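Worksheet: the structure to be examined is printed underneath.
This is a predicted model, so every value here is computed, not measured. All heavy atoms count here, side chains included; hydrogens, waters and symmetry mates do not. Below, chains carry the letters A, B, ... as their sequence lines are ordered, and counting in each starts from 1.
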There are 2 protein chains.
Amino acid sequence: MAVTLADVAARAGVSSATVSRVLNGNYPVAGSTRERVQRAVEELDYVVNGQARALAAATSDLVGVLVNDVADPFFGLIASALQSEIGVGGGQPDAGKLAVVCNTGGSPEAELTYLTLLERQRAAGVVLTGGAVEDDAHTAAVATRLARLARSGTRIVLCGRPPLPAGSGPEAATIAFDNRGGARRLTEHLISLGHRRIGYVTGPQGRSTTRHRLEGHRAALAARGLGPQTRAGAHAEQLIVHGGYDRGAGYDATLELLRRDDGITAIAAANDTVALGVCAALRDSGLRIPEDVSVAGFDDLPFGVDASPALTTVRIPLQDAGARAGRLVLGRVAPPPGGVATVATELMVRGSTAPPGGSR
Amino acid sequence: MAVTLADVAARAGVSSATVSRVLNGNYPVAGSTRERVQRAVEELDYVVNGQARALAAATSDLVGVLVNDVADPFFGLIASALQSEIGVGGGQPDAGKLAVVCNTGGSPEAELTYLTLLERQRAAGVVLTGGAVEDDAHTAAVATRLARLARSGTRIVLCGRPPLPAGSGPEAATIAFDNRGGARRLTEHLISLGHRRIGYVTGPQGRSTTRHRLEGHRAALAARGLGPQTRAGAHAEQLIVHGGYDRGAGYDATLELLRRDDGITAIAAANDTVALGVCAALRDSGLRIPEDVSVAGFDDLPFGVDASPALTTVRIPLQDAGARAGRLVLGRVAPPPGGVATVATELMVRGSTAPPGGSR
DNA sequence: CTGTTAGCGCGTTCAG
DNA sequence: CTGAACGCGCTAACAG
């Protein structure tokens, strides 16, 4: 049915090896022969069979990208930049690799399953994005699988997650986000504005990102003499509510926070999406932002500037990180020294935070 | 290096054919043999070589998804739902296909190039999402490529784009969005509120989505006696500014609109992202929404409800559409009668539209 | 520069 | 129920 190399060879009156050489262009072929072959290719509408090529050459055009959910702009931005980096640039089909996007939904099982699927495909590379599930058994299982992949030549890159435990085997280039530092500066900002009763809505439990951001928050409190041993610090611990990464979590958590302390003057959220839920709950409770309560998010997703007031947040250069992950997974750039590069995060102060108004 | 079927066979003391049968489970194999094989598989950590399997069985585990940009929530939502539908469900690796996401950036060349790449991979299916570029040569080129793909067994699905020209060959199931109807109802809503000087910011030119939405807008005007032959209608035509699908386009277009008519009382935008740019420009111009100017978007992306005021828009069930496209491309559901299903769009009235205040 | 010859790893006849 | 043999379509030595 489909036209094969042999068909082209027959038509051009050469051997299939010659056709292969013309196609791949890494071997000297006489100009006239090449032309005949190319004409035959065009006339027959020949398209190489990638699977056969991959099998014979032991190569692959696939790069796996594991994300929680591409519909979440955090992952969408990373995946998009990554895909654009590894994919087709100027229309030359041969330069590009294909990005296989896998929604894990944050499920450890799905993560492992997709790694298996990608191993089956002998993917050229795999990029794991976003926070890691912090469970020893799972971490070990992932490390094992990654080690096997790496051993068979698949490049591994972690983007937005902490490096694998040292000595766990696979060489994985890591692009880590400075979540802890960003969260710390954010809470320091709130404290500097004069806030003392600060609520915090965390992300889902058992995730590295959640933990790091929370640690940053606590570090800021401690540095300002608001550690848990102090009275105010003890109170601050009461104002930490565990949530998730969705808007609803922010909404619910905010109602809970107001129940615990209706004199709260600021709320920091696990990310921007949660922060919008926080804002909605505050408004529905008749509170003004930032006059009554300041709100801050994390990630600096595009919609943050269009919220009103515009959201104070911590910027992560997600697209840069995604593009860099793409270059790393293709081996186009050398891994950072030590294997891990930490990308800086930047505090973005906007209208949603202000000194406590005390107008209540 | 990597362990192969033959290795497993040797270890289990059977032929490789038997191992293959156990793995695929479509053939009778004695219980005891099966167990021995399965043990060998586990002991050796065997993982099938997808490329070899694909080559031998002439099958593929890949489904291509062409999008303008996954980072755009419009496409992200479709791609996410689609991926989740075709991917791994309950951890059974064998059920799942892999989604190859291709960012075309709206470029016709990239679209064709990715189709070639997917043809190389002998993808099981290809889903083209979002508006089509309306250029005869390009449409024909795409149709030709799709026809070839279809002929070689690749399932074709169009999601959010109009069906291929009749008789152009390939059987492609189409999920079309009722952009025209949605836009029409939206503008009717504005007219009903009392608006007469309505600005419209279009999407990029030469795209089916842009054209359909604009047609809906004009149809609404005409139905209310505001057709281009009338004086008000002629004015309305002056208030159509061509833009793009990004926020900046909305911003710039709005400034232009205000220049053309500073008595404008409503602006409809090509999509929600553009609408936010419109809002920003209005605010920066000292105008209130909706008191001075009403604003409406299109698509009902998640961030719309968190804008303030919340954005009046037209809802497209993107996730449903994406999931359905996934089922279609797997052949799990029959194509709609006639090959094309049009999904309804729904007007979502929120705070950003109101009767003209006349407070200026 | 070009043709010939082997596989790549697996699915699938066809015998037994 | 199982094994032997062939071929999927292509690349990579190895000659010439």
Side-chain angles (χ1 to χ4, degrees), chain A residues 1-38 40-41 44-62 93-94 117 119-124 152-153, chain B residues 1-38 40-41 44-62 93-94 117 119-124 152-153:
Chain A
M1 180 83 195
V3 20
T4 75
L5 241 206
D7 298 333
V8 177
R11 171 126 189 163
V14 297
S15 78
S16 60
T18 300
V19 179
S20 171
R21 294 198 262 256
V22 170
L23 259 43
N24 295 309
N26 352 323
Y27 242 74
V29 173
S32 63
T33 321
R34 153 168 305 138
E35 281 191 22
R36 254 185 313 140
V37 169
Q38 280 168 340
V41 166
L44 296 174
D45 270 337
Y46 171 71
V47 176
V48 275
N49 183 323
Q51 340 210 263
R53 165 182 286 183
L55 181 57
T59 61
S60 168
D61 289 338
L62 302 181
D94 286 297
L117 251 35
E119 186 176 354
R120 283 192 186 177
Q121 297 300 323
R122 304 297 189 259
S152 64
Chain B
M1 179 84 195
V3 21
T4 74
L5 243 205
D7 298 334
V8 176
R11 172 127 188 161
V14 297
S15 77
S16 60
T18 301
V19 179
S20 171
R21 296 197 259 256
V22 171
L23 260 42
N24 295 308
N26 352 322
Y27 241 75
V29 174
S32 62
T33 321
R34 152 167 306 137
E35 280 191 23
R36 254 186 312 140
V37 170
Q38 280 168 341
V41 167
L44 295 175
D45 270 338
Y46 172 71
V47 176
V48 275
N49 183 324
Q51 340 209 265
R53 164 181 286 184
L55 182 57
T59 62
S60 168
D61 288 339
L62 303 181
D94 286 298
L117 251 34
E119 187 176 355
R120 283 192 187 177
Q121 299 298 323
R122 304 298 189 258
S152 66

key: Minimum-distance nucleotide to A/P28 side chain [options: C/dC1, D/dT2, D/dC10]   = C/dC1

request  = Could you say whether B/L55 or B/S16 is positioned toward the 5' end of DNA chain D, judged by the nucleotide with the nearest heavy atom to each?
outcome  = B/S16

task = Ignoring backbone atoms, establish whether A/T33 has a side-chain N or O less than 4.0 Å from OP1 or OP2 of C/dC1.
result = no

Selected nucleotide, minimal atom distance to A/A30 side chain, candidates C/dT2, D/dT11, D/dT2 = C/dT2

query = According to a strict under-4.0 Å criterion, is B/T4 in side-chain N/O contact with OP1 or OP2 of C/dG9?
reply = no

message = So, OP1 or OP2 of D/dT11: does either fall under 4.0 Å of a side-chain N or O from A/S20?
response = yes

key: Whole angstrom value for the distance that separates P of D/dA13 from CZ of A/R21   = 12 Å

task = Calculate the interatomic distance between B/N26 atom CG and C/dT12 atom C1'; express it in whole Å.
result = 11 Å

Listed nucleotide nearest any side-chain atom of B/N24, set C/dG11, C/dG9, C/dT2 = C/dG11

key: Proximity to the side chain of B/A52 - top-ranked nucleotide from C/dG9, D/dC10, D/dG3   = C/dG9

query = Could you give the CD-to-P distance, from B/Q121 to D/dC8, as a whole number of Å?
reply = 20 Å

request  = For A/R36 and A/A12, indicate whether the former's side chain and the latter's backbone hold a donor-acceptor pair under 3.5 Å.
outcome  = yes

OP1 or OP2 of C/dT2 under 4.0 Å from side-chain N/O of A/T18 = no

key: Side chain B/S60, main chain B/R122, donor-acceptor under 3.5 Å   = yes

query = Once you round it to whole Å, what is the distance between P of D/dC8 and CG of A/D7?
reply = 11 Å

inquiry  = From C-beta outward on B/A17, which listed nucleotide comes closest to its side chain: D/dA4, C/dC10, D/dT11?
reply    = D/dA4

inquiry  = Is it the case that D/dG9 (base atoms only) and B/R122 (side chain only) share a donor and an acceptor within less than 3.5 Å, ignoring hydrogens and angles?
reply    = no

